[in-house]
Amino acid sequence: MLKTFLTENNIPFLENESLKKHTTFKVGGNAAFVAMPEDKIQALQLLKFLKENGIKYYTIGRGSNVIFRDSGFDGVIIKTANMQQIEYIDETTVFAGAGVPMNLLCKSLQENSLEGLEFCYGIPGNVGGGLYMNAGAYGGEISNAVYQVEYIDENCEIKTIDVKDCDFSYRHSVFQGKDWLITGCIFKLVKGDKDKILSFMEDIMQRRIDKQPLDKPSAGSSFKRPVGYFAAALIEQCGLKGCSVGGAQVSEKHSGFIVNMGDATCADIVALAEHVEKVVFEKTGVAIEKEMIII
Ligand SMILES: Cc1cc2nc3c(=O)[nH]c(=O)nc-3n(C[C@H](O)[C@H](O)[C@H](O)COP(=O)(O)OP(=O)(O)OC[C@H]3O[C@@H](n4cnc5c(N)ncnc54)[C@H](O)[C@@H]3O)c2cc1C
């Protein structure tokens, strides 16, 4: 029934698909289906069908902050990565679809001498995931440049929400815990100097290469920054650098990252993250919380 619906509506899909291929941590079991709508109309049709038929679903972008259990997902993963439209509305206003990779958007803005999101360069997720997480780096957050977000709500209606109502704060947004699918965002940027923006982007990319274990699968920083502290420094102080469970390891290069050494399972990663949280709390009294989302 689902397969017929996807085929008839030309929605690309994969069946009994390993979620290792759809997450940057490269762990997780299989999903019954991974459906990849190409625009908001297809996303809307799909959501209506899934709701009407009581089929379980979960939305992802690039899978760079989410991991799935080894038992897999008995439902449909809606992967929004195909929703890649970028449209310049006026000189400083840009619409980007939920599936636009942050790096692609940053490059496009730089080429158009637009400033306001360059600090996101190097974040390996898409616009939708970035908004959901309020992703940020080097002193900036994606919310800094948001004007309005477009989404499909729980009743399958296409809505927009202004930045002031998005409840953005550190790694938090109104989208968390809601049954909404983000379809795109209007960003407001400011005119800047093309060369200066480029050299800033190159500089932060180099800093990432120097400091982060980018050669190993991960979800970036595994823990949120506790108020007044840095998770990586606390982890290192507790002697946890290099600590491992199965194929998951606290990176030798950056203690804030848990990395997959090759054969990690989701269970290894979760067990290691929980061990780190426990030891850090026991030794320092500071509670650290996982940033990655476990489904
Ligand atoms: C090497 C590395 C470095 C990283 N560096 C940073 C960094 O500097 N700063 C930072 O903030 N993060 C960083 N991350 C984490 C990650 O890239 C960000 O959180 C990113 O914004 C997630 O985007 P995504 O598209 O991969 O979302 P996913 O991981 O696919 O999803 C994350 C959450 O968003 C939800 N979601 C995704 N798309 C939609 C949508 N269209 N509608 C509704 N909900 C949606 C998902 O349900 C999930 O709950 C890093 C990760 C890696 C692997």
Side-chain angles (χ1 to χ4, degrees), residues 19 22-28 34 36-37 39-40 43-44 46-47 57-68 73 77-84 96-106 117 119-144 149-154 159 161 166 168-185 204-205 207-209 211-225 231-232 251 253-254 256-260 269 290-295:
L19 290 166
H22 300 275
T23 56
T24 54
F25 235 134
K26 303 202 182 308
V27 295
V34 176
M36 297 163 286
D39 54 35
K40 65 182 173 193
L44 187 63
L46 176 60
L47 280 170
Y57 58 88
Y58 189 78
T59 305
I60 63 167
R62 170 96 201 284
S64 64
N65 204 47
V66 66
I67 54 172
F68 291 91
F73 187 82
I77 298 299
I78 305 177
K79 184 168 177 174
T80 51
N82 280 345
M83 297 164 71
Q84 290 223 3
V100 174
M102 286 311 297
N103 281 351
L104 189 74
L105 180 60
C106 291
L117 279 179
F119 47 80
C120 284
Y121 193 55
I123 298 180
N126 297 342
V127 164
L131 293 164
Y132 183 96
M133 293 304 301
N134 190 19
Y138 302 101
E141 289 174 342
I142 191 170
S143 54
N144 298 163
V149 181
E150 184 190 72
Y151 64 99
I152 301 171
D153 76 1
E154 60 276 23
K159 296 252 172 83
I161 182 167
C166 288
F168 284 124
S169 60
Y170 173 71
R171 301 296 175 270
H172 175 82
S173 75
V174 72
F175 307 104
Q176 294 174 10
K178 290 250 178 16
D179 179 19
W180 294 355
L181 185 146
I182 299 165
T183 51
C185 179
I204 58 170
M205 186 58 92
R207 284 198 253 167
R208 282 181 185 271
I209 293 166
K211 290 192 180 142
Q212 300 181 358
L214 300 182
D215 57 329
K216 303 212 168 51
S218 78
S221 299
S222 298
F223 304 95
K224 292 183 186 173
R225 194 178 59 230
S251 166
K253 189 167 178 183
H254 188 311
F257 281 54
I258 290 178
V259 291
N260 179 351
I269 294 164
K290 286 182 269 307
E291 181 169 325
M292 58 196 173
I293 295 160
I294 302 149
I295 302 300

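Numbering of residues begins at 1 and proceeds along the displayed sequence. Just so you know, ligand 1 is whichever comes first in the structure, and atom 1 is the first atom listed for that ligand.
- Classification of K178 and E154 as a salt-bridged pair fails, no side-chain N sitting under 4.0 Å from a carboxylate O.
- Here T80 has side-chain heavy atoms under 4.0 Å from ligand 1, and that is the only part of it that gets that close.
- Across the listed options T23, V66, I67, V66 owns the non-hydrogen atom lying nearest to atom 31 (O) of ligand 1.
- Each of L47, L46, T183 was compared with P37 under the side-chain contact (heavy atoms from CB on, under 4.5 Å) criterion, and only L46 meets it.
- Contact analysis puts R208 in contact with ligand 1, with a non-hydrogen atom separation below 4.0 angstrom.
- For atom 33 (C) of ligand 1, the nearest non-hydrogen atom from the set Y132, F25, Y151 comes from Y132.
- With a 4.0 Å heavy-atom cut-off, ligand 1 is reached by the side chain of R171 but not by its N, CA, C or O.
- Nearest heavy atom pair, residue C185 against residue V127, reads CB-CG1, 4.2 Å.
- In terms of polar-atom proximity, T24 is not counted as a contact of ligand 1, lacking any N or O under 3.5 Å from an N or O of the ligand.
- Looking at V100, I78, I182 and measuring to atom 41 (N) of ligand 1, the nearest heavy atom belongs to I182.
- Between M133 and E291, the shortest heavy-atom contact is CE-O, 3.9 Å.
- Proximity of S221 to ligand 1, defined as any heavy-atom pair under 4.0 Å, is not found for any part of the residue.
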Check your understanding: Checking side-chain contact (heavy atoms from CB on, under 4.5 Å) for the pair K290/F223: CA distance, chi angles, key distance, verdict?
Key -> CA-CA 4 Å; K290 286 182 269 307; F223 304 95; 4.1 Å; yes
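- Residue A135 touches ligand 1 through backbone and side chain together, judged by heavy-atom distances below 4.0 Å.
- The part of L214 lying near ligand 1 is the side chain, judged by heavy-atom distances below 4.0 Å.
- Remark: distances from the non-hydrogen atoms of E141 to ligand 1 are all 4.0 Å or more.
- Of the N or O atoms in I123, none lie within a sub-3.5 Å distance of an N or O in ligand 1.
- The shortest N/O to N/O separation between Q212 and ligand 1 does not fall below 3.5 Å.
- Closest approach of N134 to I142, counting heavy atoms only: OD1-CG2, 3.5 Å.
- Distances between N or O atoms of A219 and those of ligand 1 include no value under 3.5 Å.
- Taking only non-hydrogen atoms, the option from P213, G122, G136 nearest to atom 7 (C) of ligand 1 is G136.
- With a 4.0 Å heavy-atom cut-off, ligand 1 is reached by the side chain of M133 but not by its N, CA, C or O.
- Contacts between I293 and ligand 1 below 4.0 angstrom, taking non-hydrogen atoms only, involve the side chain exclusively.
- Within the 4.5 Å cutoff, the side chain of F68 has no heavy atoms near those of the V27 side chain.
- Side-chain contact annotation: Y132 with N126, donor-acceptor N/O pair under 3.5 Å absent.
- Checked against a 3.5 angstrom limit, the closest N/O atoms of N65 and ligand 1 fall inside it.
- For atom 38 (N) of ligand 1, the nearest protein heavy atom (residue, atom name, distance) is G129 N, 3.4 Å.
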